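Note that the structure is predicted; figures quoted are calculated from it, not measured. Worth knowing before you read on, the calculation uses all heavy atoms, side chains too, and leaves out hydrogens, waters and symmetry mates. A note on names: the letters A, B, ... follow the listed sequences, proteins ahead of strands, and every chain is numbered from 1.
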Protein chains: 2
Amino acid sequence: MVGIREIAKRANVSISTASYAINGSSKVKTETRDRILAIANELNYIPNMAGRTLKKQKTNLIGVYLTNYGGAFYGELVSGIHDFLHQHHYDVIICSSERAHTFIPEKMVDGAIILDSTFSTEKIESYAARGHQMVVLDRELSHQNVCSVLLDNRGGAKKALLALEKKVTKKIYLVTGPPGTYDSNERLAAAKKCLEERKLSYEVILGDFSKESGRQAAREILQKSEKEVGIFCLNDEMAIGMYSVFQKSNWKIGKDIHIVGFDNIEVTHYLRPRLTTIDYSKSDWGKAAAEKIYFMLNGKQPSNQLVDVKLKGGKSVGSI
Amino acid sequence: MVGIREIAKRANVSISTASYAINGSSKVKTETRDRILAIANELNYIPNMAGRTLKKQKTNLIGVYLTNYGGAFYGELVSGIHDFLHQHHYDVIICSSERAHTFIPEKMVDGAIILDSTFSTEKIESYAARGHQMVVLDRELSHQNVCSVLLDNRGGAKKALLALEKKVTKKIYLVTGPPGTYDSNERLAAAKKCLEERKLSYEVILGDFSKESGRQAAREILQKSEKEVGIFCLNDEMAIGMYSVFQKSNWKIGKDIHIVGFDNIEVTHYLRPRLTTIDYSKSDWGKAAAEKIYFMLNGKQPSNQLVDVKLKGGKSVGSI
DNA sequence: CTGTTAGCGCCTTCAG
DNA sequence: CTGAAGGCGCTAACAG
């Protein structure tokens, strides 16, 4: 491997001069700098990350922790994060295994953005206590070194139910995500509250945010219920699963049964009838998270933030 | 930050003894090791990545380069990669920006798996020339330090056309991916060859593997053509886009028009009629890639590999 | 079994 | 404007 000393030797300068030249310091005559850079270039010199990191104690890397990586909306979210951070000279790596959590205390990344329910809150807190800075997207967490950017789950749930209530007289089903998930809990709590205030009859079905659990919930509803019910699927994935079951039944979506999802993931645009769902900008969400971590790394203390959501009308909620 | 010297001091041992203890060397009495580990634990010691890397010249990290990250099948692919590499004590990071390419020569990663058409072949070759090892999933590339795991695109194209030919008399359209993309080129070449051998009439429409380009192609076909045509979409995404256009027309998929895709991405399972497509195991693909890079890093010279594909029948190719 | 020591590659203060 | 030197945190000969 060709290192900085090699370049210094060939250019007949000291190591430090070579370093200055490479890092564009004004301490070197333009002339010598150009000569050094030419040699570096010729030798295909590329600085070694570990060496630089060890000295600078900074990697300019942000770790983005995602699970269920194949899931639907990560692409846009990550783009939003990338776009902002690149402009501010940070690189982004996506990490999706538990072992990668240690990158944070190992100082392989300068900061982290976390949307990963397998990343325990205790661990996050212990890292925060060590002085590492993080932005969380999937839980509330109050700490000097942690800041959150959360969806307005409660607002979204209300909007979803408002849309359903208008069309449904008999019963409303709430299909949840995995127990303990923040987003699911919030949406469920807000939905229950909303329904109870209006004294509407409802039932909760446990799901896990997967298409398969949507299918199961749909089968359960078909068996135990009559037509003219409404379903608030706490995410779109499950709604997709439901479609495949109802479309094989004699219940017509948007007529016998009304469905609202959450997330407005792109593939739902190809469902027929089009799914009514709760929409928000994934890239804005990512951008907000990126901004927060950037500010934190620069000594500011940003406040938590809520991401707006709105109802996206489809035909899965129709007239009775 | 608490470092190894701090631990050594508190334990009244030398730095090296502390290091040995922490790394589980048998050179230390069990008793002293336990004592040292206890102290390390108490101080919440976590080794610094840069320091270790600088010394060992090895990160145990594999970079996986993906673009169009939101795309459909990356989840399974990445799982396949993860599963294998974790068992062999490597961690995986996903990189999706051009700037991250330099992680390879900077030695931030020990090796790379590349499925990213924005990663130029010249760059890959130059890194290979520097001694870095890579596995490519989206091009042919012959080099000591590069090895490829490719889909059997040609076989898949043949199978797709075989399915179409049986049902279509009039004309077959081939809708391509972005020009210059290996997978698209291969599928297209094989499809053309196949059709020419059988003297069937066909037409090529330029796409770019996106849903939107599928929609455009569908509109074009609606305008210029009569019913009873067949379409080989060189990937599923475009087929999905087509569905949305044809479903608004009076052409019935599987009857007036026959469609075959490529990839068998999960969301096509929710299309009606179900899409006929070319299927392969994404996780096996990832696993194969992971194995290759692992073997290469351990001094073996694995051979290139082809991933089997097969026809997955749906109802988008029906009887006329 | 344990301690001493010499770097890994790079940056940066301090002299010159 | 340039050079010498120290050190970031850790490992691994080599001595003891």
Report yes if the side chains of A/Glu98 and A/Thr118 come closer than 4.5 Å at any heavy-atom pair, otherwise no.
no
When you measure from the side chain of A/Asp138 to the backbone N and O of A/Asp116, does any donor-acceptor pair fall under 3.5 Å?
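Indeed, once roles are kept as given, a pair shorter than 3.5 Å links the two residues.
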Separation of atom [atom1] in [X] from atom [atom2] in [N], rounded to whole Å:
{"X": "B/Asn23", "N": "C/dC1", "atom1": "CG", "atom2": "P", "answer": "18 Å"}
{"X": "A/Arg5", "N": "D/dT2", "atom1": "CZ", "atom2": "P", "answer": "20 Å"}
{"X": "A/Lys29", "N": "D/dG3", "atom1": "NZ", "atom2": "P", "answer": "10 Å"}
{"X": "A/Ile7", "N": "C/dC10", "atom1": "CD1", "atom2": "C1'", "answer": "12 Å"}
{"X": "A/Ile22", "N": "C/dG9", "atom1": "CD1", "atom2": "C1'", "answer": "11 Å"}

A/Ser25 and A/Asn23 side chains, donor-acceptor separation under 3.5 Å:
no
Should the heavy atoms of other residues, nucleotides or ligands under 6.0 Å from CD of A/Gln301 be counted, would the total exceed 12?
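Above 12, so yes.
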Taking atom NZ of B/Lys9 as the centre, report whether more than 12 heavy atoms of other residues, nucleotides or ligands fall under 6.0 Å from it.
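Result for NZ/B/Lys9: open.
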Look at all strands and tell whether B/Lys27 reaches a base, only sugar-phosphate, or nothing, counting heavy atoms closer than 4.0 Å.
base
Which residues within residues 33-59 of chain A lie with some heavy atom under 4.0 Å of an atom in DNA chain D?
A/Leu54, A/Lys55, A/Gln57
Name every residue in residues 10-21 of chain B that has at least one heavy atom under 4.0 Å from any atom of DNA chain D, in order of residue number, or write none if there are no such residues.
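Heavy-atom cutoff 4.0 Å gives B/Ile15, B/Ser16, B/Ser19, B/Tyr20.
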Looking at A/Thr32, I'd like to know whether one of its side-chain N or O atoms comes within less than 4.0 Å of OP1 or OP2 on D/dT2.
yes
Where do B/Thr59 and A/Met108 land on the side-chain contact (heavy atoms from CB on, under 4.5 Å) test, with the steps shown first?
CA-CA 10 Å; B/Thr59 58; A/Met108 216 196 75; over 6 Å; no
One pair to check against side-chain hydrogen bond (donor to acceptor under 3.5 Å, both in side chains): B/Thr181 and B/Asp183. What are the steps and the verdict?
CA-CA 6 Å; B/Thr181 316; B/Asp183 288 331; over 6 Å; no
Verdict with reasoning, A/Arg35 to A/Glu31, per salt bridge (charged side-chain N to carboxylate O under 4.0 Å, His left out):
CA-CA 6 Å; A/Arg35 192 164 52 82; A/Glu31 187 186 308; over 6 Å; no
